[in-house]
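The structure under discussion appears below in the form of structure tokens.
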Amino acid sequence: MLVPRLEPFRSTVFAEMTELAVRHGAINLGQGFPDEDGPSAMLEAAREAIASGANQYPPGAGRVELREAIAEDRATRYGTAYDPADEVLVTVGATEGITASIIALADRGDEVVLVAPYFDSYPAAVAMAGARHRCARLVEDGDRFVLDVDSLRAAITPATRLLVINSPHNPTGSVLEEAELAQVAGLAIEHDLIVITDEVYERLVFDGAEHRPLAALPGMRERTLCVSSAGKTFNCTGWKIGWVCGPRELVAAVRAAKQFMSFVSGGPLQPAVATALRGEQPWVDGLREELQGKRDALAAALSQAGFAVRASAGTYFVIADPRPLGHGDARALCRAMPGSIGVGAVPVSAFVDARDQADWRHLVRFAFCKRHEVLAEAGRRLAGASRLSTDHEG
Ligand SMILES: *Cc1c(COP(=O)(O)O)cnc(C)c1O
């Protein structure tokens, strides 16, 4: 019954891997959600909001104190100014912010450029809009992944309307550097593209690195919709409070689409997220430090187990190459691991188009946003990966 343009999105590798992890009682390092709560003041603010009756529809653009807190946060940390009145829109997580942006701005026959590997909701949103996507790509450079700028240039055609950029990047953990950002900005300006930036991991960068929003570069504010959310920053992925910031004409367009997708959501959660944005930077600093240590612990366990581990500069994720263990097919390995060693992970090929599978088939994404003892146990189990046999090609 499903319409053909959504047929490719019917089932996902993520659902399959989570199902396998549950069936075998495995430690699930496949799905990227934290197993600890966010700041207690934020949780308390949500309880108070419910108790004090903030339980009806909030305004269409979101509660004003949240829009003000979002604008203040971006002005303070990045120097980018948005008017909370009409340049900030609260959405159902970053996912709705991105989907509404694509549906509002890409018409039938238009093209949207994604960077592979990409977050799985992007191509589905493009298909829902009736548009088409083309892919630029990241490439391996030593133990890092960097943007292949030539592939970006090649993916842009006269039909291109939008470009979606995700940094810090899921699944690779790469963070675009100043020179890469400048090249993206140059191409966007040259081809008059609108850019959607997915910045949900904006605060989760390691080793003293800093996230720089593309909108902060010269000539970019007027063509960029920055999307972020509370889920990854404050360990509340189930709340689905996200936002879109941009110039008022673009935000008005996104709002036109968003109002008929969900209208509003999370009334009592919105003031709690405002509280967190205003007062919980120290908590987030602690989270970032903690995550950096967890990244190091999981990366060490994976190396110890024989994987070749790539560098991760941010996010919840680290990529490992199991070829030194004799496993060339990451999908087969990820299907075998939950039952045999009790660890779940996802193959990076789940984040690319069918035609690009071969380039990414050897890589596995592991999430490290789990409690220390969970990661330690996963590490012990991963030591068994060398003895694993999979039905791969050999
Ligand atoms: C988790 C994630 C999202 C989804 O964010 P929500 O606020 O939960 O909708 C979007 N993009 C990337 C890259 C993510 O990892």
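What you are looking at is a predicted structure, and each value in this text was computed from that prediction instead of being measured. Side chains included, hydrogens not; waters and symmetry mates left out as well; all remaining heavy atoms used. First listed ligand is number 1; within each ligand, the first listed atom is number 1.
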Next item on the list: Using the test ring pair (Phe, Tyr, Trp, His ring centres under 6.0 Å), find all partners of Phe317 that sit at least two apart in sequence or belong to another chain.
Entry: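 Counting only residues at least two positions away or on another chain, Phe317 forms no ring pair (Phe, Tyr, Trp, His ring centres under 6.0 Å).
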Next item on the list: Only counting residues at least two apart or in another chain, list the ones meeting side-chain contact (heavy atoms from CB on, under 4.5 Å) with Ala26.
Entry: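 Partners of Ala26 by the side-chain contact (heavy atoms from CB on, under 4.5 Å) criterion, ordered by chain and then number, come out as Ala21, Pro338.
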Notebook entry, point to check: Short question: side chain of Tyr201, backbone of Val175 - any donor-acceptor pair under 3.5 Å?
Noted result: no
Check: Does the side chain of Arg331 pick up a donor-acceptor pair with the side chain of Gln357 at under 3.5 Å?
Finding: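 Yes, because at least one side-chain N or O of Arg331 sits under 3.5 Å from a partner of the opposite role on Gln357.
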Notebook entry, point to check: Can you list, by chain and residue number, every protein residue with a non-hydrogen atom closer than 4.0 Å to ligand 1?
Noted result: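 Ligand 1 is contacted, at a heavy-atom distance under 4.0 Å, by Gly93, Ala94, Thr95, Phe119, Asn166, Asn170, Asp198, Val200, Tyr201, Ser229, Lys232, Lys240.
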Next item on the list: Specify the closest pair of heavy atoms between Pro271 and Ala49, including all atoms of both residues, with the distance to one decimal.
Entry: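 Distance-wise, the nearest heavy atoms are CG-CB, 4.0 Å.
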Notebook entry, point to check: Tell me the salt bridge (charged side-chain N to carboxylate O under 4.0 Å, His left out) pairs involving residues 268-284, sequence neighbours left out?
Noted result: Glu72-Arg278
